[in-house]
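Just so you know, ligand 1 is whichever comes first in the structure, and atom 1 is the first atom listed for that ligand. Just so it is clear, the structure is predicted and the values come from calculations on it, not from any experiment.
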Amino acid sequence: MKILVTGGAGFIGSHIVDRYLKLGHEVVVVDDLSSGSAANVNSAARFHLMDVRSREFSTLLELERPDVINHHAAQISVPASVQNPRLDADVNILGLLNLLEGAVRSGVKKVIFISSGGAIYGESAMYPTDESAPLEPMSPYAIAKAVSESYLRFYRHHHGLDYTTLRYSNVYGPRQVSHGEAGVVSIFMDRLLEGRPCHLYHFEGEPQGMIRDYVFVGDVVEANVAALDRGSGEAFNIATSRETTTRQLFDLVFENLRELAGIEPSLAEPVPGPARPGDIRRSCLLIEKAREGLGWTPATSIEEGIRKTVEWRLESNGK
Ligand SMILES: NC(=O)c1ccc[n+]([C@@H]2O[C@H](COP(=O)([O-])OP(=O)(O)OC[C@H]3O[C@@H](n4cnc5c(N)ncnc54)[C@H](O)[C@@H]3O)[C@@H](O)[C@H]2O)c1
């Protein structure tokens, strides 16, 4: 099948491109390299340096006529969306509309859309949170993701354009850099390797930090394989259902780096700091729907995933 991956030069999208190619699909990548890197793009894919908001992109869709569009391109920073909601909406809402209009015109059969289960439910009343929980987005980034999901329903209903939405929790793994929604693993690794103390942001009275559900990128990739021909017109949480505090995550990264790179024991205590605008206290997602609807289940524990990520970071550091 011919698959066009937007954001295919980014952290998660580039792993998906690799996997689709390995499965024998023809892959076209569109990315403006605003946060991704050309070095991540598999040389067996056809790469177009392009903005998903542009007219060029609509033209490209009509030329390429892919069977499926996998949409990973986005403005991904929650703090940036709080500072500049217009820019966030421009990329994340108008970019999606440009894609959907082009998809209808060029006979695309399905869009795989990437939403954020870590952000759209806000402070949920139920943990782990399932897909039927009310959407309570608390940042412009999360609002844009929630609205995008509504647009997808509209295009399916009105134009017959099929979709599957994957609501990721906090994704981590090789190729992640420190600017993202869940760049915390990369931020900790960077700072510790530079011999600088880490910050642990937390709400008052919760010194262990925020609670998150961290999912390894290799597992996320398999959900994108399943979504090629399953999960029609549905949204699925892609997560682990396991809660990890920022402190537990920090300790895991620290211990691995101490063992593998001999970093200073004096860096073992992170510096506390206040939660940032748009932060939520707790996020943990139920994944039964993805088990049933996509036949997907995560295979990597956080201990194993952090180990692999630290090993990748040290290898790419030339250590
Ligand atoms: N990382 C996470 O934990 C997480 C969690 C939930 C959802 N997501 C979603 O997953 C997707 C991928 O995120 P990521 O973590 O790999 O981030 P990333 O920044 O590595 O990837 C995004 C890619 O999109 C490209 N891009 C941005 N704006 C573009 C535009 N206007 N036109 C073309 N390309 C553009 C960037 O250059 C980059 O390569 C995003 O939609 C993000 O919202 C990520």
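Less than 4.0 angstrom separates some heavy atom of Leu33 from each of these atoms of ligand 1: 37 (O). Near Gly10, with a cut-off below 4.0 Å to any heavy atom, the atoms of ligand 1 are 20 (O), 21 (O), 38 (C), 39 (O). Close approach of ligand 1 to Ser169 is summarised as follows: ligand atoms under 4.0 Å from at least one heavy atom of the residue are 3 (O), 5 (C), 6 (C). Of all the atoms in ligand 1, the ones that sit under 4.0 Å from a non-hydrogen atom of Ser115 are 6 (C), 7 (C). For ligand 1, the atoms closer than 4.0 angstrom to any heavy atom of Met50 are 32 (N), 33 (C). Heavy-atom proximity to Gly36, at under 4.0 Å, picks out these atoms of ligand 1: 36 (C), 37 (O), 38 (C), 39 (O). Residue Val171 has at least one heavy-atom neighbour below 4.0 Å for each of these atoms of ligand 1: 2 (C), 3 (O). Applying the 4.0 Å criterion to heavy atoms of Asn170 picks out, from ligand 1, the atoms 3 (O).
In this structure, a donor-acceptor pair under 3.5 Å is present between the side chains of His71 and Thr6. For the residue pair Arg307 and Asn256, a side-chain donor N or O sits within less than 3.5 Å of a side-chain acceptor on the partner. Asn92 and Gln75 share no donor-acceptor pair across their side chains, judged by distance under 3.5 Å alone. The closest side-chain donor-acceptor pair between Asp213 and Asn170, if any, does not fall under 3.5 angstrom. Inspection of the Ser58 and Arg55 side chains reveals no N or O donor paired with an N or O acceptor under 3.5 Å. Donor-acceptor pairing under 3.5 Å is recorded for the side chains of Thr297 and Arg291.
For a threshold of 3.5 Å applied to N or O pairs, the pair formed by His71 and ligand 1 contains no separation below that value. The shortest N or O to N or O distance between Ser34 and ligand 1 is under 3.5 Å. Between Ser37 and ligand 1, no pair of N/O atoms sits closer than 3.5 Å. Checking only distances, Gly13 never comes within under 3.5 Å of ligand 1, N or O to N or O. Inclusion of Val30 in the set of residues having an N or O under 3.5 Å from an N or O of ligand 1 is not warranted.
The residue among Val91, Ile114, Val220, Asp31 with a heavy atom at the shortest distance from atom 10 (O) of ligand 1 is Ile114. Nearest to atom 24 (O) of ligand 1 by heavy-atom distance, out of Ala144, Ala142, Ala73, Ala239, is Ala73.
Residue contacts with ligand 1 do not include Gly95, since none of its heavy atoms lies under 4.0 Å from the ligand. In this structure, Arg175 does not count as a contact residue of ligand 1, since none of its heavy atoms falls inside 4.0 Å of the ligand. For Tyr141, the heavy-atom gap to ligand 1 drops under 4.0 angstrom. Not a single heavy atom of Gln75 sits under 4.0 Å from any atom of ligand 1. Not close to ligand 1: Gly118, with no non-hydrogen atom less than 4.0 angstrom away. At least one heavy atom of Lys145 sits closer than 4.0 Å to an atom of ligand 1.
Scored by the side-chain hydrogen bond (donor to acceptor under 3.5 Å, both in side chains) test, Ser81 finds no partners at all (sequence neighbours excluded). By the ring-ring contact (aromatic ring centres under 6.0 Å, His included) test, Tyr155 pairs with His159, sequence neighbours left out.
The aromatic rings of His72 and Tyr168 sit tilted relative to each other, their planes meeting at an angle between 30° and 60°.
Atom OG of Ser115 and atom NZ of Lys145 lie 6.0 Å apart (nearest 0.5 Å).
Counting heavy-atom neighbours within 6.0 Å of Gln83 CD, excluding the residue itself, gives a total of 12 or less.
With Phe203 as the aromatic partner, Arg281 meets the cation-pi criteria of under 6.0 angstrom to the ring centre and within 45 degrees of the ring axis. In this structure, Arg167 is not positioned above the aromatic face of Phe236 in the sense of NZ or CZ being under 6.0 Å from the six-membered ring centre and within 45° of the axis.
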